[in-house]
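Notes for the one structure printed next.
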Number of protein chains: 2
Amino acid sequence: MGLREIKMERTRHLIADKAFELFTEHGFDRTTVEQIAAAAEVGPRTLYRYFPTKESLIISFVETHLSAAVQRLREQPDDVPLSEALYALIDSVIATIVSNEARVLAVYDMSTCTPSVNAQFSGIWDRWCDEISDEVARRGGSRSPDLTARLAASTACAVIDVSVREWVESGGKASMRTLTDRALELLRTGEVPFPAPAGRA
Amino acid sequence: MGLREIKMERTRHLIADKAFELFTEHGFDRTTVEQIAAAAEVGPRTLYRYFPTKESLIISFVETHLSAAVQRLREQPDDVPLSEALYALIDSVIATIVSNEARVLAVYDMSTCTPSVNAQFSGIWDRWCDEISDEVARRGGSRSPDLTARLAASTACAVIDVSVREWVESGGKASMRTLTDRALELLRTGEVPFPAPAGRA
DNA sequence: GTTCTTATGGCACTCACTGCCACATTTTGG
DNA sequence: CCAAAATGTGGCAGTGAGTGCCATAAGAAC
C-alpha cells in the first residue's frame with residue numbers, strides 16, 4: 001500500500017469522523033457540507049470525491065458492516081444448512097452492534113429525526129435484503145431468487161430489524177442475542193399468527 | 001365541497017398526471033420540476049404547495065393506496081382473529097394492484113431505475129410497516145408494539161413485498177392472490193427455514 | 001357588493017451536487 | 001536523483017431542488 005492510499009484512507013476517516021461529530025452536535029439538517037469540509041480541512045469538492053452524497057457520510061458506516069455480514073454468510077460452506085448459515089448472518093450483525101453500541105444508537109437516532117437519512121437507510125436495508133436473497137438462491141441452486149429464497153431472506157432480515165428496534169428502544173440495555181433468539185422462537189412455534197391462504201384463519 | 005376545493009383537487013391531479021407523463025417519457029432525473037409546473041400550467045412555487053418534494057409526485061399515488069389498505073385493517077372488528085385481519089390487509093393490497101396494473105408496473109420500474117425514488121419508496125414502506133405494527137399492538141391490547149407485534153407486521157409486509165416483486169418480474173402476468181397464498185403457505189408449513197436460536201439448526 | 005380568507009406565483013436565496021481546469025503531490029522509470 | 005506520467009486537490013461557475021416573503025387575484029362569507 002503506497003503513501004498515497006494511506007493518506008486517502010486517513011482523509012476519508014477524518015471526513016467521516018468530523019461529519020459524525022457535527023451531525024450529532026448540531027443535527028444533520030443544520031450542518032452543511034461546507035462546514036464538514038472545513039472541519040476536515042479539505043475543499044468541499046474533495047469531500048464529494050470521497051462521499052457521493054451528504055447522507056453517505058453516515059450511511060457508509062452501516063453499509064460497511066452490513067456487507068461484512070453478508071460476506072460472512074457467503075463464506076459459510078455450501079453443506080451448512082441454510083438455517084444455520086442465516087444464523088451466522090444474524091450473529092455477525094449482533095457482533096457489530098455490541099461492539100459499536102454508542103455509534104449504532106446515535107445513527108439510529110439521527111435516522112428517526114431526519115427523513116432523508118431514514119429513507120437512505122431503508123434503501124440500503126432493502127438492497128441488503130436483496131443481496132441475501134441472491135445468496136440464498138445460489139445456495140438453493142438457482143441463478144436468481146424465487147419466492148422461497150426471497151421469503152427466507154426477508155424473514156431473516158425481519159428478525160434482525162425487529163430485534164434491533166427493540167434493542168434501540170431499550171437504549172442498548174437489552175441483549176441482542178436474547179431478542180433475536182426470542183424472535184426466531186416466535187416464528188418457529190407459530191406464535192406469530194400467519195394469515196392463512198384463502199382467508200381461513 | 002366548495003368551488004375552491006374542487007379546483008385544487010383538479011390542479012393536484014393535473015400536476016401528478018403531467019409529472020407521471022414526463023417522468024415515464026424522459027426519465028425522472030431528466031425531468032425538472034420547472035418543466036412539470038409548466039406542463040401543468042402552474043408556477044413552480046404552486047407545485048411545491050401541492051407536493052413537498054419531487055419524489056412525492058410519484059410516491060403520493062402509492063401512499064394513498066397503502067393508507068387505504070391499513071385503514072381496511074383498522075376497520076376489522078376487534079373480535080376478528082389477527083391472522084384474518086392481516087389477510088384483509090393483504091387482500092386490500094392485491095385489490096389495488098390488480099386494478100392499477102400498468103401504473104404499478106411503471107412506478108416499480110421507475111423506482112428500480114432511480115435511486116432517490118427507490119429510497120423514498122423503501123422509506124414509506126417501512127413507515128407503513130410501522131403503522132401495521134401499531135395496529136397489531138392495539139389489537140393485542142398494548143399501547144406500543146412489542147417484538148411479537150412487530151414481527152407479525154413484518155412478516156405480513158414481507159409476504160406482500162416478495163409477492164409483489166415476483167408479480168412485477170412476471171410482468172404482471174402472475175396472479176397476485178396465488179403468489180401471496182403460496183408465500184403464506186411456505187411460512188405456515190415451515191418450508192422456509194427459520195434459523196434456530198442458539199445456533200442449532 | 002364589500003370584506004375576509006386563502007390560493008397563486010414571482011423573486012431572491014440557500015444548499016446539495018457536478019463539470020471543468022489549473023495546480024500540487026505522489027509514483028514511475030531511467 | 002531527477003524528469004515525466006499519473007493522480008489527488010480545490011477553486012469557480014453553474015444546475016436544480018426546495019423555502020421564505022410578499023404582492024396580487026380569486027373564492028367565500030356577511
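Within every chain, numbering begins at 1; the chains are lettered A, B, ... in the order of the sequence lines, protein sequences first and strands thereafter.
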Kindly calculate the angle separating the two end axes of the helix from dT5(C)-dA26(D) to dG30(C)-dC1(D), each obtained from five base pairs, and round it to 10 degrees. 20°

Could you give the distance from CZ (Arg139(B)) to CZ (Arg74(B)), rounded to the nearest 0.5 Å? 11.0 Å

Determine the contact category for Phe51(B): base if any of its heavy atoms lies under 4.0 Å from a base atom, sugar-phosphate if only primed atoms, P, OP1 or OP2 are that close, otherwise nothing. nothing

How long is the gap from OG1 on Thr11(A) to CZ on Arg49(A), to the nearest 0.5 Å? 12.5 Å

Note, Arg138(A) side chain near Asp78(A) side chain (heavy atom, < 4.5 Å): yes

Hey, are the side chains of Thr46(A) and Ile15(A) touching, using non-hydrogen atoms and a 4.5 Å cut-off? no

4.5 Å side-chain heavy-atom contact, Ile58(A) and Phe28(A): yes

Going by number, which of residues 23-38 of chain A have a non-hydrogen atom under 4.0 Å from DNA chain C? Thr31(A), Thr32(A), Val33(A)

Is it the case that the side chain of Ser92(A) and the backbone of Ala88(A) share a donor-acceptor pair, with hydrogens and angles ignored and the cut-off at 3.5 Å? no

Does any N or O donor sit under 3.5 Å from an N or O acceptor when you compare the side chain of Arg45(B) with the base of dG18(D)? no

Would you kindly give the CG-to-P distance between Leu47(A) and dA16(C), to the nearest whole Å? 10 Å

Within residues 2-14 of chain A, which residues have any heavy atom lying less than 4.0 Å from an atom of DNA chain C? Gly2(A), Leu3(A), Arg4(A), Lys7(A)

Nearest whole Å is fine: how far is dT14(C) P from Lys54(A) NZ? 15 Å

Any Lys18(B) side-chain heavy atom under 4.5 Å of Leu14(B) side chain: yes

Check the distance between dG18(D)'s P and Arg49(B)'s CZ and give it to me in whole angstrom. 15 Å

Among dT9(D), dG10(D), dT18(C), the one nearest Tyr48(A) by side-chain distance: dT18(C)

Which residue in the set Asp161(A), Val192(A), Leu184(A), Thr155(A) passes side-chain contact (heavy atoms from CB on, under 4.5 Å) when paired with Leu151(B)? Val192(A)

Under 4.5 Å between any side-chain heavy atoms of Phe23(B) and Val107(B), yes or no? no

Can you find a side-chain donor-acceptor pair between Glu34(B) and Thr32(B) that sits under 3.5 Å? no

Using only heavy-atom distances, determine whether the side chains of Ser116(B) and Glu55(B) contain a donor-acceptor pair under 3.5 Å. yes

